[in-house]
Amino acid sequence: MNRIYIQEVAARDGLQIEDQFVPTEDKVKLINKLSETGLDKIEVTSFVSPKAVPNLRDAEEVMTQIDRHPGVTYTTLIPNVKGAERALACQADEVNLVASVSDTHNMKNVRRTTDESFTNFEQISSYLKGSKIQINGTLATTFGCPFEGEIDEHRVMTLIDRYINIGAAGVTLADTTGMATPKQVYELCRKVRRQWPDLPITLHFHNTRGMGLANVMEGIRAGIDRYDASLGGLGGCPFAPGATGNICTEDLVHMLSFMDYELNVDLDQLIAVSKDFEQQLGREVPGQVMKAGKISDLFPVD
Ligand code: COA
Ligand code: ZN
């Protein structure tokens, strides 16, 4: 396997947890610049309660004001039917449903049990029937929960099956607070691949404990070719204690392009967008390649 699909989540996972509200116009500019870098998918925003996530209260404006490139899938996170109605009105390409494998995290995140979330998802699926919107299903806390600890693999497999049954075209396994180890990623992904050889699976890692890129390599070894990542390494779930950023998009693209994987992304352009956005945010972001430069950038000898 050579082609790896890079899916950018900074505008959603990143901005939802920032201390400040990023103005709508700046969000639109950011997404437009990201669209030009050749990313495969962009998570634009989330259609959730504006009280729960005030930073993304401008979801409609952002979704309708961005320029959409034909090669890019524009997705948006939704928790319920109301989110689906809003996404459909804005003609998103895809809705990304989110439920946590851990009931406790699901209660914190969306104030209902995981089972209740899936009942909602059946309604969403019926509601969207006949529309062009694709459904992706995310399983948060797949690799560990900050409240419950270890997650039962059998439960992960059952919930993947439930997503397939409601018509999800793809499933994302998310490591919400960076608890996955590379060994665990390989073992779980092998099982998932064996059971569903052709299902589009995305891995969504947070780099909370520095294992993010190691986890990507083990995911690839297990046959997974889609990865979420966030510009500058922004990101985190506001409803999980100790949450920190996603794996950094330009660091991921840098690593994979120097390992001869086939990507559609222009690394230099991505680094430039990341530098600009760091300035705009006015705080240092976790990304490393944007600070150190690429391994091919050499320094003059005096
Ligand atoms: N979009 C906008 N508003 C929504 C909404 C949606 N998708 N879903 C519910 N609301 C509004 C309702 O209209 C209601 O508004 P009101 O108080 O003005 O009447 C209010 O939110 C409460 O609705 P209710 O159905 O009782 O929801 P809740 O209070 O139980 O909250 C969620 C449930 C899912 C809406 C809320 O917890 C949420 O949006 N969570 C977001 C989680 C998230 O984004 N996490 C990070 C990413 S994983
Ligand atoms: Zn995340």
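Counting starts at 1 for both ligands and their atoms, in listed order.
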*Sidechain-backbone polar pair: E250 side chain, S274 backbone, donor-acceptor under 3.5 Å*: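 Absent.
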
*Got a sec: does the CD of Q269 have more than 12 other heavy atoms crowding it under 6.0 Å?*
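Correct, the count exceeds 12.
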
*asked:* Please enumerate all residues that pass side chain to side chain contact (heavy atoms under 4.5 Å, CB included) together with I164, with sequence neighbours excluded.
replied: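 Side chain to side chain contact (heavy atoms under 4.5 Å, CB included) list for I164, sorted by chain: I160, W196, L199.
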
_Cation-aromatic face contact R57/F21, 6.0 Å, 45 degrees_ =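 The answer is yes; both the distance and angle limits are met.
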
*Taking the Zn ion (ligand 2) as the centre, how many protein N/O/S atoms fall inside a distance shorter than 2.8 Å?*
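For the Zn ion (ligand 2), the figure is 3.
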
Could you tell me if [Y] and [X] have a donor-acceptor pair between their side chains, going purely by distance under 3.5 Å?
X	Y	value
D13	N246	yes
T208	T244	yes
D175	H204	no
D67	S35	no

*Which residue pairs pass the side-chain hydrogen bond (donor to acceptor under 3.5 Å, both in side chains) test when at least one of the two sits in residues 289-302, sequence neighbours left out?*
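Non-adjacent pairs meeting side-chain hydrogen bond (donor to acceptor under 3.5 Å, both in side chains): D268-K294, E284-K291.
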
*Write down, by chain and number, every protein residue that brings a non-hydrogen atom to less than 4.0 Å from an atom of ligand 1.*
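Heavy-atom contacts below 4.0 Å: R12, Q16, F47, V48, S49, P50, K51, A52, V53, P79, N80, K82, G83, R86, N109, V110, R111, R112, F239.
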
